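Residue numbering restarts at 1 for every chain, and letters A, B, ... go by the order of the sequence lines. It should be emphasised that the depicted structure is a prediction, and the values quoted were computed from it without experimental measurement.
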There are 2 protein chains.
Amino acid sequence: MSSMENGAEVPAPAARAPKTPERAHPVTLRDVAEAAGVSTATVSLVVNKKKAARIAEETRRRVQDAIRTLGYRPNAMAKTLVSGTSRFIGLVADGVATTPFAGQIIHGAQDEAWKHGYALLIANTEGNGELEQDAIQMMLEYKVRGILYSTWFHRQTDIPAPLREAGFVLVNCFSNEPGTRAVVPDEVQGGRSATEILLGHGHRKIAFINATIPAPAKDGRLQGYREALEKAGVPFDPELVLEAYPDQEGGYGATSDLLTRGVSAVFCYNDRMAMGLYDGLREHGLSIPDDMAVVGFDNQEVIAAHLRPPLSTVSLPHYELGAAGVRMLLGLDGAPGTATDGVARINCPAVERTSVRAQAHA
Amino acid sequence: MSSMENGAEVPAPAARAPKTPERAHPVTLRDVAEAAGVSTATVSLVVNKKKAARIAEETRRRVQDAIRTLGYRPNAMAKTLVSGTSRFIGLVADGVATTPFAGQIIHGAQDEAWKHGYALLIANTEGNGELEQDAIQMMLEYKVRGILYSTWFHRQTDIPAPLREAGFVLVNCFSNEPGTRAVVPDEVQGGRSATEILLGHGHRKIAFINATIPAPAKDGRLQGYREALEKAGVPFDPELVLEAYPDQEGGYGATSDLLTRGVSAVFCYNDRMAMGLYDGLREHGLSIPDDMAVVGFDNQEVIAAHLRPPLSTVSLPHYELGAAGVRMLLGLDGAPGTATDGVARINCPAVERTSVRAQAHA
DNA sequence: GTGAAAGCGCTAACAG
DNA sequence: CTGTTAGCGCTTTCAC
């Protein structure tokens with residue numbers, strides 16, 4: 001069973017090791033101190049570039065040489081042990097690593113954390129409660145500075161008990177407990193923006209194909225749609241709001257119903273539905289955007305940017321969600337719309353492509 | 001800078017804290033020892049369930065009670081400080097968190113690591129060399145057990161110098177230095193499988209739309225295509241191999257060229273090209289799979305499973321790549337095809353959907 | 001069975 | 001300017 005020893009290890013054991021000394025016993029601060037003929041304190045000072053204590057140039061050089069030749073590498077564990085506080089931020093996700101674009105939450109969190117000198121400790125729990133508990137437990141044991149608790153789609157969530165033992169902020173989800181810090185996409189604004197793209201091109205009869213499954217996105221986007229209409233002085237017509245399962249098949253299936261409404265434009269709950277709708281429309285011999293203008297939601301790159309014609313849509317700001325999450329966790333919110341209830345609603349920017357064209361007779 | 005104290009913290013400071021004592025000073029082993037009236041050594045023993053030293057039932061109970069009431073939580077830093085070895089595995093990625101499906105590498109690595117008691121420390125470097133150095137540096141300082149170095153698409157890569165200071169394995173990439181451990185998808189087998197799907201349905205004249213950009217995938221899939229053909233006794237015809245940029249537009253653009261070849265089936269370099277080809281074929285009034293059978297590569301969920309008709313394709317085993325990576329790192333390879341050169345080639349399983357139909361006159 | 005004591009590698013006063 | 005000296009929280013001999 002223990003194969004590989006051969007292929008992997010044998011190749012060139014005799015090669016010279018100029019850079020990496022054969023550290024049988026990892027080099028410590030003390031080793032450096034002895035080599036440089038100074039005390040550990042001094043070494044510590046030069047390693048950490050403390051400006052408070054001035055070190056003689058000559059000494060500093062000796063120490064740095066020793067560090068280089070010995071290949072010294074500080075032990076972060078020891079460092080955080082004494083300082084009491086680690087430089088970790090935990091990210092527990094119920095599936096962001098699994099989902100296509102939600103991985104951006106990780107990316108955003110990682111970038112922002114890094115920017116402030118923190119490393120990301122991640123755990124994907126795939127919705128498994130026990131695993132989740134363990135993961136949080138583990139993070140607590142590593143004395144994380146705080147935990148980001150995120151879900152792969154925007155929804156309400158319960159707060160796992162152990163989470164409360166650390167500072168935490170919910171990302172892409174929220175709690176019904178007042179005052180809980182959270183960062184979520186601004187669905188209402190997103191729905192408004194999507195509708196405004198259509199409105200802006202002169203469309204007045206605009207359908208909205210909503211999702212059948214309940215979610216903050218469902219309510220929020222609908223509300224945004226209504227707000228945009230109202231602001232434009234277009235009366236809201238419930239007849240123009242359809243519902244379908246939020247994927248390609250749902251969008252495709254909604255086609256004939258949609259055509260029944262006599263609209264010139266449609267706002268789809270998400271890009272996947274729009275993709276299905278493209279097929280449906282095409283089968284009816286209709287062309288986009290001339291016969292029907294369409295906008296989606298999510299800005300799911302693989303789809304939106306490459307449909308024919310490319311789809312106008314609204315971005316789900318996953319990267320920002322992650323980044324804003326760590327900012328909030330670290331308590332350095334510069335400006336964003338953190339409402340008084342502790343939840344920040346992140347803007348969903350519109351991205352216009354060519355699936356919308358001006359209405360001939362505005 | 002220290003805003004937020006208000007919105008986030010104020011809400012209910014007076015609530016009873018039954019579970020979470022107001023630990024002004026985190027509970028330590030010593031605290032527990034004192035509370036239980038035993039020594040720290042004893043507490044350590046019961047915490048770690050050492051079977052060697054038998055503890056009196058009565059003592060054990062006292063200790064466990066103290067642990068519970070004090071809300072004791074071991075300090076992993078201290079633990080690894082003394083043991084010298086941490087339970088971390090580092091994953092540095094040049095963009096897997098960014099890319100739709102490659103996030104599965106993280107997922108697979110995380111699951112497997114967790115299974116063996118390791119936590120994942122990740123860093124997304126977005127191809128930034130300096131950041132990459134820093135990230136590896138950081139991981140080294142945290143005394144990671146080893147590092148997984150991964151790329152978001154399968155390619156050759158250079159080994160960053162600091163990486164050599166730790167155990168490491170390349171994931172989804174490989175080095176030209178012999179003996180370097182790596183885990184990559186088996187492109188050749190994948191190309192073979194894709195072609196065999198078509199062959200299996202009776203097709204003989206099969207085109208292959210390859211990518212224009214050089215990559216192991218380009219060579220491997222082509223080789224697989226040829227091998228499958230040969231095995232089926234179908235002569236290889238260079239005329240049937242086209243090339244196009246590997247995205248929707250490329251696939252779309254290759255349509256007329258393809259139709260020129262008089263084939264009944266086509267194997268596309270990836271799903272995105274297949275998606276574009278669908279549009280092109282449709283515009284020519286052709287239907288899939290009747291007029292043209294098509295298979296893709298990648299099994300990019302959002303696309304492949306929801307095209308009309310759903311696309312037969314071959315999976316890029318990202319999850320497995322990540323999982324196999326940690327297994328190899330930990331040195332517990334059970335069986336997989338780890339060739340003698342230290343690189344494991346992971347199988348790319350075919351997933352058949354309905355974009356292929358049997359040829360009328362086989 | 002259980003306690004005392006010596007460190008793991010590093011930082012932080014406080015002397016000199 | 002630099003060395004001494006305590007620990008940080010935990011594990012681990014080795015006595016009692």
How many Å lie between CE on Met77(A) and C1' on dG7(C), as a whole number?
-> 18 Å

Find the distance Ile67(B):CD1 to dC10(D):P and express it as a whole number of Å.
-> 10 Å

So does Asp65(A) pair up with Arg62(A), basic N to acidic O under 4.0 Å?
-> no

Answer yes if the ring centres of Phe88(B) and Phe88(A) are under 6.0 angstrom apart, and no otherwise.
-> yes

For dC8(C), does either OP1 or OP2 sit under 4.0 Å from a side-chain N or O belonging to Thr28(A)?
-> no

Send over the distance from Glu57(A) CD to dT2(D) C1', rounded to a whole Å.
-> 15 Å

Over all heavy atoms of both residues, which pair between Leu120(A) and Leu121(B) is shortest? Give the atoms and the distance, please.
-> O-CD1, 3.5 Å

Examine the side chains of Gln110(B) and His107(B) and answer whether a donor and an acceptor come within less than 3.5 Å of each other.
-> no

Ser39(A) side-chain N/O to dG3(D) phosphate OP1/OP2 under 4.0 Å | yes

Would you kindly give the CG-to-P distance between Asn75(A) and dG9(D), to the nearest whole Å?
-> 16 Å

Would you kindly give the CZ-to-C1' distance between Arg30(A) and dT4(D), to the nearest whole Å?
-> 13 Å

Any salt bridge between Arg61(B) and Glu58(B), counting N to O under 4.0 Å?
-> no

Does dC1(D) have OP1 or OP2 sitting under 4.0 Å from an N or O in the side chain of Arg60(A)?
-> no

Under 4.0 angstrom between Thr59(B) side-chain N/O and dT2(C) OP1 or OP2 = yes

Using atom CD of Glu34(A) as one end and atom C1' of dG3(D) as the other, report the distance to the nearest whole Å.
-> 14 Å

Is there any protein nitrogen or oxygen under 3.5 Å from a nitrogen or oxygen in nucleotides 11-15 of chain D, and what are the pairs?
{"unit_1": "dT11(D)", "atom_1": "OP1", "unit_2": "Asn48(B)", "atom_2": "OD1", "d": "3.4"}
{"unit_1": "dT11(D)", "atom_1": "OP1", "unit_2": "Asn48(B)", "atom_2": "ND2", "d": "3.0"}
{"unit_1": "dT11(D)", "atom_1": "OP2", "unit_2": "Ser44(B)", "atom_2": "OG", "d": "2.8"}
{"unit_1": "dT11(D)", "atom_1": "OP2", "unit_2": "Asn48(B)", "atom_2": "ND2", "d": "3.4"}

Calculate the interatomic distance between Leu70(B) atom CG and dG9(D) atom P; express it in whole Å.
-> 14 Å

Starting at CD1 of Ile55(A) and ending at P of dA12(C), how long is that distance when rounded to a whole Å?
-> 14 Å

Would you please confirm or rule out a distance under 4.0 Å between OP1 or OP2 of dG9(D) and any side-chain N or O of Arg73(B)?
-> no

Considering only dC10(C), dC10(D), dG9(D), which nucleotide approaches the side chain of Leu81(B) most closely?
-> dG9(D)

Could you please spell out the steps behind the side chain to side chain donor-acceptor pair (under 3.5 Å) verdict for Ser39(B) and Thr42(B)?
-> CA-CA 5 Å; Ser39(B) 77; Thr42(B) 306; 3.2 Å; yes

Taking only Lys NZ, Arg NE, NH1 and NH2, and the carboxylate oxygens of Asp or Glu, determine whether Glu177(B) and Arg164(B) approach each other closer than 4.0 Å.
-> yes

